[in-house]
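Structure, as structure tokens:
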Amino acid sequence: MTNSFNSIEFKNNKLILLDQTKLPLKETYIKTDEYERIAIAIERLEVRGAPAIGISAAYAIALSFKNITIVQKNHFEIVYERLWKTRPTAVNLFWALNRMKKVFELNKNSKNIYNILVSEAIQIHNEDVIMCDQIAANGLQIFKKKSTVLTHCNTGKLATGGGGTAFNVINYGFKKGKVKFVHADETRPLLQGSRLTAFELSKSGIPFSINTDSTAAFLMQNNKIDLVITGADRIALNGDSANKIGTYNLAVLCKHHNIPFYIAAPTSTIDQKCKSGKNIQIEFRDKKEINSFKKEKITSEEYEVFSPAFDVTPNNLITGIITEKKLHLPPYNFRIL
Ligand code: MRU
């Protein structure tokens, strides 16, 4: 296993995605120039995390124009709709698709449409790299002392185009001597914490341990956590934030134990059409992910399963929301960005 890795790379007119379903035990890559394969990669969570989904979808739109001499009338709409349906909660997907749509509308008659769309996708990717660094810089102020941090799901290089959101705040904090230890929630059911965040913490040399999601209360009760920071998949205008299932539990626990709870996300995660968390569509996962493990049955297939992929943390439980612009404090109003 190499020490550094690229999770999303556009090279020689192909998209190269590090297959996140195989990590951390295998480092394998998906290399494709087919938009359908990228749509499948998003659906399978081979690429996941809100900003990374948006970036991949932008490249997918562009690649759908590669090698096309005569563009069929509805080509853009077909590709756009296919990608639109891949996952419902992370707004970065729709944000990126709409950005590509604007560029397409302006240039649809150009012979150069493929290169124009590729440039826009690269621009979206590059902007995310910069936003990740700005989020990290703005986040440093949350560390009031050398801290032990708890995080949930995966918000690092794998989930974004750059160094990450919440993960990058932790990483910058560690480099500046403000973070001493990280507890990574394993993040049921797909284990983004124990597989992906642990992989990234290990690569960054940050001391950490993995804990089951239900251990967070125990850690807090024993004064082991100074603050919690997570990412978000969609933030409403009033600050209500959707993130991986279990995030809301953490925010409630933080309130009870008087521990600060922060969210870090780029402004592409703020949904300008969404007034509050009530309007956020939550993805539900297949029961197979709960009643079996690595294709081995662990409970009866006949049992019903309830498996939302995300929950919404209400704004009154969020100490601060870190974006590339600043650390936003309550009351949140993201209408004017
Ligand atoms: O289902 P996933 O793995 O795509 O969910 C990802 C998360 O919930 C992340 O915390 C969120 O996208 C923030 S990524 C910077």
Side-chain angles (χ1 to χ4, degrees), residues 7-8 17-23 41-57 86-96 125 127-129 131-136 139 150-171 184-200 213 228-235 241-251 261-271 277 280-286 289-290 307-313 318 321-324:
S7 48
I8 308 174
L17 298 171
L18 176 54
D19 182 350
Q20 300 190 31
T21 62
K22 305 276 189 323
L23 287 173
I42 295 171
E43 285 169 343
R44 288 184 185 159
L45 274 66
E46 289 163 334
V47 59
R48 32 79 35 219
I53 293 170
I55 293 162
S56 305
T86 49
R87 291 193 75 189
T89 304
V91 76
N92 311 59
L93 170 67
F94 312 110
W95 171 86
H125 193 166
E127 283 173 20
D128 196 63
V129 176
M131 286 195 287
C132 285
D133 287 338
Q134 287 166 339
I135 288 168
L150 186 140
T151 191
H152 193 67
C153 198
N154 172 263
T155 60
K157 218 171 155 183
L158 293 164
T160 64
T165 57
F167 185 93
N168 216 22
V169 174
I170 294 170
N171 200 14
D185 273 359
E186 77 174 336
T187 316
R188 287 283 295 151
L190 297 180
L191 307 175
Q192 288 92 334
S194 60
R195 296 187 304 105
L196 309 177
T197 301
F199 172 78
E200 295 201 49
D213 299 351
V228 171
I229 181 164
T230 74
D233 287 83
R234 193 185 294 228
I235 300 175
S241 298
N243 192 50
K244 181 53 59 197
I245 189 75
T247 304
Y248 173 43
N249 302 36
L250 289 175
F261 173 86
Y262 292 97
I263 295 269
T267 46
S268 53
T269 304
I270 299 169
D271 185 351
I280 299 178
Q281 194 189 335
I282 299 294
E283 173 183 355
F284 279 79
R285 304 291 307 170
D286 195 294
E289 291 173 353
I290 305 289
S307 182
F310 302 96
D311 57 26
V312 177
T313 300
I318 305 172
I321 299 179
I322 307 155
T323 69
E324 75 279 9

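Both counts, for ligands and for their atoms, begin at 1 and track the order of listing. Just so you know, these numbers come straight off a predicted model, no measurement behind them.
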Discussion item. Taking only non-hydrogen atoms of A232, do any sit less than 4.0 angstrom from ligand 1?
Written reply: yes

Worksheet item: Is H152 in contact with ligand 1, taking contact as a heavy-atom separation below 4.0 Å?
Response: no

Item to complete: Measure the distances from the heavy atoms of A90 to every atom of ligand 1 and state whether one is below 4.0 angstrom.
Response: no

Response to the item:
Counting from 1 in the order shown, the ligand 1 atoms closer than 4.0 Å to a non-hydrogen atom of F310 are 1 (O), 5 (O), 8 (O)

Item to complete: Would you kindly specify which portion of F167 sits under 4.0 Å from ligand 1, judged on non-hydrogen atoms: side chain, backbone, both or neither?
Response: neither

Worksheet item: Does an N or O anywhere in N243 fall below 3.5 Å from an N or O of ligand 1?
Response: yes

Discussion item. If we set the cut-off at 4.0 Å for heavy atoms, which region of N154 has an atom near ligand 1: side chain, backbone, both, or neither?
Written reply: backbone

Discussion item. Are F261 and T313 packed together at the side-chain level, in the sense that at least one heavy-atom pair is separated by less than 4.5 angstrom?
Written reply: yes

Worksheet item: Taking the side chain as C-beta and beyond, is there a heavy-atom pair between L45 and Q20 under 4.5 Å?
Response: no

Fill in: Contact atoms of ligand 1, heavy-atom distance to T155 under 4.0 Å
10 (O), 15 (C)

Worksheet, complete the sentence: Between S241 and A232 the two heavy atoms that sit nearest each other are CB-CB, 4.5 Å

Practice prompt. Could you list the atoms of ligand 1 found under 4.0 angstrom from a heavy atom of P51?
Written response: 14 (S), 15 (C)

Worksheet item: In terms of atom number and element, which parts of ligand 1 are under 4.0 angstrom from non-hydrogen atoms of A159?
Response: 14 (S), 15 (C)

Practice prompt. Indicate yes or no: at least one non-hydrogen side-chain atom of T230 is less than 4.5 angstrom from one of K244.
Written response: no

Worksheet item: For A184 and G193, which heavy atoms make the closest approach, and how far apart are they?
Response: CB-O, 4.5 Å

Item to complete: Using distance alone, decide if ligand 1 has a nitrogen or oxygen within less than 3.5 Å of any nitrogen or oxygen in G49.
Response: yes

Worksheet item: Side chains of T187 and D185: is there a donor and an acceptor less than 3.5 Å apart?
Response: no

Discussion item. For atom 11 (C) of ligand 1, tell me which residue out of D233, L196, L190 has the closest non-hydrogen atom.
Written reply: D233

Worksheet item: Should the proximity of C153 to ligand 1, defined as any heavy atom under 4.0 Å, be assigned to the side chain, the backbone, both, or neither?
Response: side chain

Response to the item:
Here the atoms of ligand 1 under 4.0 Å from any heavy atom belonging to R87 are 1 (O), 2 (P), 4 (O)

Fill in: Subset of ligand 1 atoms that lie under 4.0 Å from at least one heavy atom of T160
15 (C)

Worksheet item: Looking only at protein heavy atoms, which one is nearest to atom 15 (C) of ligand 1, and how far off is it?
Response: T165 OG1, 3.1 Å

Response to the item:
The closest protein heavy-atom partner of atom 3 (O) of ligand 1 is R48 NE, 2.7 Å

Practice prompt. Please report the shortest heavy-atom distance between F310 and E283, naming the atom on each side.
Written response: CE1-OE1, 3.4 Å

Fill in: Side chains of S268 and E127 in contact at under 4.5 Å (non-hydrogen atoms)
no

Worksheet item: Counting only N and O atoms by type, is there a donor-acceptor contact under 3.5 Å from the side chain of D311 to the main-chain atoms of Y248?
Response: yes

Fill in: Sub-3.5 Å N/O-N/O distance, A50 and ligand 1
yes

Response to the item:
Distance col, row R195:CZ vs L23:CG, nearest 0.5 angstrom, shows 7.0 Å

Discussion item. Show the atoms of ligand 1 that are less than 4.0 angstrom away from any heavy atom in K244.
Written reply: 1 (O), 2 (P), 5 (O), 8 (O)

Discussion item. List ligand 1 atoms under 4.0 Å from Q192, heavy atoms only on the residue side.
Written reply: 1 (O), 2 (P), 3 (O)

Fill in: Shortest non-hydrogen separation from A264 to A166 and the atoms involved
CB-N, 3.6 Å

Worksheet entry | Separation of R188 CZ from I245 CD1 (nearest 0.5 Å) | 12.5 Å

